[in-house]
Amino acid sequence: MRFHTVIGMTEKNVNRTLAAVLAIAALHVLAIGVALLALGPAGAGVIVPHLVLAVLLPLRAYKLRGGRPKARRILTVVLGIQIVAHATLPGVIAQMPGYAVPIVVLQALSLVCEVAAIVFLWAPGRSGVEIQERGPELVGTVRGHG
């Protein structure tokens, strides 16, 4: 795997961010399932934001590996919007009262992953060292005798 320089992020934090974002995407897929169970075909409109975020978040996170600082800023904004969206929890539960427990569990797990992703996005590494571009590693050399 090849990493390019990402301003202020270690390779470990890029990988941790990616893992947290993939977990968030999976939670959005589960939220789609809960919405369809609770609302049936009438819930099709409710699933659109979850579907968009389940695709958008991993795509933005994978852009971190390309070394673009813009990818980190955009991902931070999207995750921030996600965190603010948790304020809609009472309305969501009112819309699907029989599904309060799974909704709260999904939202809580999502919130934890979103906060973790933002921390990983902006936390310096052990020494604040940036990811350095890696090439093939030299294991050893063999010189011919001749």
Side-chain angles (χ1 to χ4, degrees), residues 1-140:
M1 183 179 315
R2 236 184 137 117
F3 282 84
H4 300 280
T5 302
V6 175
I7 298 174
M9 288 191 76
T10 63
E11 179 179 339
K12 192 175 196 176
N13 282 348
V14 170
N15 289 333
R16 287 175 172 173
T17 301
L18 184 57
V21 167
L22 291 174
I24 296 164
L27 291 167
H28 276 288
V29 171
L30 290 173
I32 290 170
V34 170
L36 289 176
L37 280 172
L39 303 172
V46 173
I47 68 169
V48 172
H50 293 292
L51 187 58
V52 168
L53 288 166
V55 173
L56 173 71
L57 286 169
L59 290 176
R60 295 307 321 171
Y62 278 113
K63 296 236 183 224
L64 291 172
R65 292 178 175 225
R68 298 181 184 156
K70 181 179 176 184
R72 182 163 74 159
R73 289 189 303 268
I74 291 173
L75 190 55
T76 301
V77 169
V78 173
L79 289 167
I81 292 168
Q82 283 274 126
I83 289 170
V84 171
H86 289 286
T88 65
L89 180 60
V92 173
I93 291 173
Q95 190 176 10
M96 300 180 273
Y99 292 85
V101 172
I103 291 168
V104 169
V105 168
L106 286 173
Q107 290 239 2
L109 291 172
S110 181
L111 181 62
V112 168
C113 291
E114 290 153 7
V115 170
I118 289 175
V119 168
F120 296 142
L121 278 168
W122 295 100
R126 280 176 272 176
S127 62
V129 177
E130 297 178 356
I131 295 172
Q132 299 297 315
E133 186 169 343
R134 289 186 184 177
E137 296 190 14
L138 184 62
V139 176

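This one's a predicted model, so the numbers in the text were calculated from it and none came from an experiment.
Legend: side-chain hydrogen bond (donor to acceptor under 3.5 Å, both in side chains) pairs involving residues 89-103, not counting sequence neighbours: none detected.
Counting heavy atoms from C-beta outward, I24 and L79 have side chains that approach closer than 4.5 Å.
Rounding to the nearest 0.5 angstrom, the gap separating the CG atom in L64 from the CG atom in L121 is 6.0 Å. Atom CG of L30 and atom OG of S110 lie 10.5 Å apart (nearest 0.5 Å). Taking SG from C113 and CG from L57, the interatomic distance works out to 11.0 Å, rounded to the nearest 0.5 Å. To the nearest 0.5 angstrom, E114 atom CD is 4.5 Å from Q82 atom CD. Atom CD1 of I32 sits about 11.5 Å away from atom CG of L27, to the nearest 0.5 Å.
Summarising the geometry of A117 relative to V21, their closest heavy-atom pair is CB-CG2, 4.3 Å, with the distance given to 0.1 Å. Closest approach of I118 to T76, counting heavy atoms only: CD1-O, 4.4 Å. Heavy-atom minimum distance, F120 versus R16: CD1-CB, 3.5 Å. Of all heavy-atom pairs spanning N13 and A123, the tightest one is ND2-O, 2.8 Å.
Listed by chain and residue number, nothing satisfies the side chain to side chain donor-acceptor pair (under 3.5 Å) test with T88 (two or more places apart in sequence, or in another chain). Taking V77 as the reference, I81 meet the side chain to side chain contact (heavy atoms under 4.5 Å, CB included) condition, with sequence neighbours excluded. Not a single side chain to side chain contact (heavy atoms under 4.5 Å, CB included) links V112 to another residue, sequence neighbours left out. Residues meeting the side chain to side chain contact (heavy atoms under 4.5 Å, CB included) test with R60, sequence neighbours left out: L56, K63, A71, I74, L75. For L22, the side chain to side chain contact (heavy atoms under 4.5 Å, CB included) test picks out L18, P58, Y62, with sequence neighbours left out.
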Which side-chain N or O atoms in residues 39-55 pair as donor and acceptor under 3.5 Å with protein atoms at least two apart or in another chain?
from	atom 1	to	atom 2	distance (Å)
H50	ND1	H28	ND1	2.9

